[in-house]
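Let me begin by presenting the structure, written as structure tokens, before commenting on it.
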Amino acid sequence: MSKFNIEDNHFWRGLLSRTLLVLVTVAIIVWFLPRNSGPQFRYDVGKPWMYGSFITKFDFPIYKTDEAIKAERDSLADEFEPYYAYAADVEKEKIDEFMSDFKNGIPGLSYDYVRIIADRLHRIYQAGIMAAPEYSEINKDSTNMVRIISGKQASSLMINCIYSTIGAYEQLLNDEKLAPQRAVLQKCNLNNYITPNLIYDKERSETEMNDLMAGIPLASGMVLSGQKIIDRGEIVDDYAFRVLNSFEKEMQRRSANSSEITSTILGQTLFVAILIILFTLYLVLYRKEYFQKPRNTTMLYVLITLFPILVSLMMKHAFLSVYILPFALVPIFVRVFMDARTAFISLVTMVLLCAAAVKYQYEFIIIQITSGLVAIYSLGELSQRAQLFRTAVLVTLTSAAVYLALQLMQDNSIFTMDHSIYIYFIMNGVLLLFAYPLMYLIEKAFGFISNVTLIELSNTSKDPLRKLSETAPGTFQHSIMVSNLAAQIANKIGANTQLVRTGALYHDIGKMEDPAYFTENQVGVNPLEKLPRPEAAQMVINHVTEGLKLGEKYDLPRIITDFIMTHHGEGKTKYFYISYKNEHPDEPIDDTLFAYPGPNPFTREQAILMMADSVEAASRSLPEYTEESISNLVNKIIDTQVEEGYFTDCPITFRDISTTKQVLINRLKSIYHTRISYPELKK
């Protein structure tokens, strides 16, 4: 297959994967977006209308406010007459029971009293007896009435014409003929013969109540098509507020129509697709290298998709306020793991996507973009946990300040503002503090590494650096020197200082498996001299493969083990290669016996390490340390590396290489400067 065909296939595969990524992202976001149709406005009674002249395009009713409807329902409930069924058999049963119990009369009284009590019970039952708790509830207003169902007839009766069980008993004892014998009658337990004969008809009462409530009109007027409701600058009064509120309700009702829903979905799809395509084009044009690492791309698209989904769910279920969500997490994570420009683009894309779901877009966009910018500015290189706390505080204060400014622009009075939203800003700041533990999860899930983790890895008191210092002290000191040189170079040319410093500390850890084979750990004896040149070369080359094994053993991040693989690139062990070639001038040589496995550096930081490592190691063999000898050494080594193509796969410039040379020359001159000889005191 030709080179052009390979490049062609690579192009089409990349285009297909990015197209699928865009389509899937758009589909997920649109699926969760709420289906709100029509314009959405912010307005309050007593405040000016901030938009243009509002003229209706269709007829709609003026809906009553929830408070007005509730008041009408309460009024109907107060006037409602509950239904009670008259149980005629209760009277006969209880009077028969009384006559049976006192068939021989009441002790101490004549038999006439039995007939009198039976007659009074009959009168009370005819009036109606109700259970005491129900009677007390209805009798709160003596004018309340109930409807008594007797057969197929229902008649209204005032509550004070009915007895409760307690009232019936008192009425019986207070009768003018029975009152003189009250003491005797109280011993007869006459309350046993008084039972409610008016039974609450729950089904009929609830049906009637529901019919009444359903009959309450929800509207109190109409707005005609073409009618002007309010103009810019006019104060929103109660009537205008009800009309605007009615318009929003009518739009929600109309959105249930299938054609309206289709139109809304098409609009949302177009809006989301434009934003996601623009975001993808930014990556293609300015951050193409992120597409070479699928985990990087996955994290970006997950972050800008997650928050629109959360906002949509909160808007659908009216759960708290969207301002409680820590939107600044997106720019924080992208800034820490990638770069500031991508963090800003991600922030804008995510906020605009979320704005499609919220009601007051202008206010939301301004607050979130401003607070996100503060989060980006406040995080240069994250190296301490205190930086996240400071960022959370600054984001909270910024959100509150911007909201206050917007309110002052509209209200002109600090006392009439809604202050409850500041609680959500504070809660947002608290949730931002979870960025630290979440950062660890993102590192593990997407294969990133933060400066905090790099600082933890560079702690020389922990394995494997501690073991390196014990088993190969010369290599350890060499690694320290290289890390300092590389860090200064990175700082000068704008590379990742902490990354190259940490990578340099680990680049030679493979040497602690056989430390005696490396000159910096030897004390006069070099075991490599006794070995054949190819075998000796392999012993040196093995420190790369052994380093990778140790990196896997200690679970080092891939970005660190890359320094182990690339610090020699695909170069040769020149001492053994040249020696063998001189010893066998006419013999063909297998170059792979003397070559490192590579690959060559593919990042600026790896290139910096290769140059610093080679120069620092070679500088130990200089017979004298003068400005000329150091300059010649640095230029010779780095120029040779450039000529042999070690840096063709990494984005380092000639300007960076020139700066690197100058830093190395200056640093080696200061390290190996000639000290002044102190004079001896003459005796």
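Ring pair Tyr422/Phe425 is perpendicular by interplanar angle, where above 60° counts as perpendicular and below 30° as parallel. Taking the six-membered ring for Trp and thresholds of 30 and 60 degrees, Phe327 and Phe364 have ring planes more than 60 degrees apart, a perpendicular arrangement.
Residues Phe279 and Tyr301 place their aromatic rings such that the two centres sit under 6.0 Å apart.
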Applying side-chain contact (heavy atoms from CB on, under 4.5 Å) to Ile332 and Leu379, what does each step give before you reach the verdict? CA-CA 8 Å; Ile332 286 176; Leu379 285 174; 3.6 Å; yes
After noting the C-alpha distance and the side-chain angles of Arg604 and Asn496, does the key distance pass the side-chain contact (heavy atoms from CB on, under 4.5 Å) rule? CA-CA 9 Å; Arg604 297 171 76 200; Asn496 190 327; over 6 Å; no
Assess whether side-chain contact (heavy atoms from CB on, under 4.5 Å) is satisfied between Glu289 and Asn296, documenting all intermediate values. CA-CA 9 Å; Glu289 65 274 12; Asn296 292 27; over 6 Å; no
side-chain contact (heavy atoms from CB on, under 4.5 Å), that's the test. Do Met315 and Val311 meet it? Break it down for me. CA-CA 6 Å; Met315 294 301 296; Val311 170; 4.2 Å; yes
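Looking only at side-chain heavy atoms (C-beta outward), Ile309 and Trp31 stay at 4.5 Å or farther from each other. Between Ile560 and Leu499 the shortest side-chain heavy-atom distance falls below 4.5 Å. Proximity of Leu373 to Thr398: side-chain heavy atoms (C-beta onward) are nowhere separated by under 4.5 Å. With contacts defined as side-chain heavy-atom distances shorter than 4.5 Å, the pair Val334/Leu303 qualifies. Looking at heavy atoms from C-beta onward, Thr453 lies in side-chain contact with Glu443 at the 4.5 angstrom threshold. Contact annotation: the side chain of Phe344 never approaches that of Arg335 to less than 4.5 Å [non-hydrogen atoms, C-beta and beyond]. Side-chain contact between Tyr362 and Leu406: present, with at least one pair of heavy atoms (C-beta onward) separated by less than 4.5 Å. No side-chain heavy atom of Asp656 sits less than 4.5 Å from a side-chain heavy atom of Ile608.
Judged by distance alone, the side chain of Tyr506 and the main-chain N or O of Leu457 form a donor-acceptor pair under 3.5 Å. In this structure, the side chain of Gln227 engages the main chain of Leu224 through a donor-acceptor pair within 3.5 Å. A donor-acceptor pair is defined here as one N or O able to donate and one able to accept, closer than 3.5 Å; no such pair exists between the side chain of Thr305 and the backbone of Val302. A donor-acceptor pair is defined here as one N or O able to donate and one able to accept, closer than 3.5 Å; such a pair exists between the side chain of Asn428 and the backbone of Tyr323. Side chain of Thr566 to main chain of Gln606: no donor-acceptor pair is present (N/O by atom type, distance under 3.5 Å, no hydrogens or angles). Asn245 places no side-chain N or O within donor-acceptor distance of the main-chain N or O of Phe241, the cut-off being under 3.5 Å.
Note that CD1 of Ile421 and CD1 of Ile426 are 11.5 Å apart. Values are rounded to the nearest 0.5 Å. Residue Ile366 holds its CD1 atom at 11.0 Å from OG of Ser371, rounded to the nearest 0.5 Å. Rounding to the nearest 0.5 Å places CD1 of Ile365 at 11.0 Å from CD1 of Ile367. With rounding to the nearest 0.5 angstrom, the CZ atom of Phe80 is 8.5 Å from the CE atom of Met213. In this structure, the separation between OG1 on Thr269 and CG on Leu23 is 11.0 Å, given to the nearest 0.5 Å. To the nearest 0.5 Å, the span separating CD1 on Ile324 from CG on Leu310 amounts to 12.0 Å.
Closest heavy-atom contact between Cys650 and Phe602: CB-C, 3.5 Å. Nearest heavy atoms, Ala357 versus Pro34: CB-CD, 3.7 Å. When every heavy atom of Arg73 is checked against every heavy atom of Ile216, the shortest pair comes out as CG-CD1, 3.4 Å. Taking each heavy atom of Val374 and Leu394 in turn, the nearest pair found is CG1-CB, 3.7 Å. Closest non-hydrogen pair, Asn451 versus Gln498, comes out as OD1-CB, 3.9 Å. For Gly551 against Thr561, the heavy-atom pair with the smallest separation is CA-CG2, 4.2 Å.
Of the candidates Thr349, Thr342, Leu21, Leu300 forms a side-chain contact (heavy atoms from CB on, under 4.5 Å) with just one, namely Thr342.
Donor-acceptor pairing under 3.5 Å is lacking for the side chains of Asp339 and Tyr286.
For the pair Arg18 and Phe291, the cation-pi test (distance below 6.0 Å, angle within 45°) is passed.
One finds no salt bridge joining Asp238 and Arg242 here, because no Lys/Arg side-chain nitrogen approaches an Asp/Glu carboxylate oxygen to under 4.0 Å.
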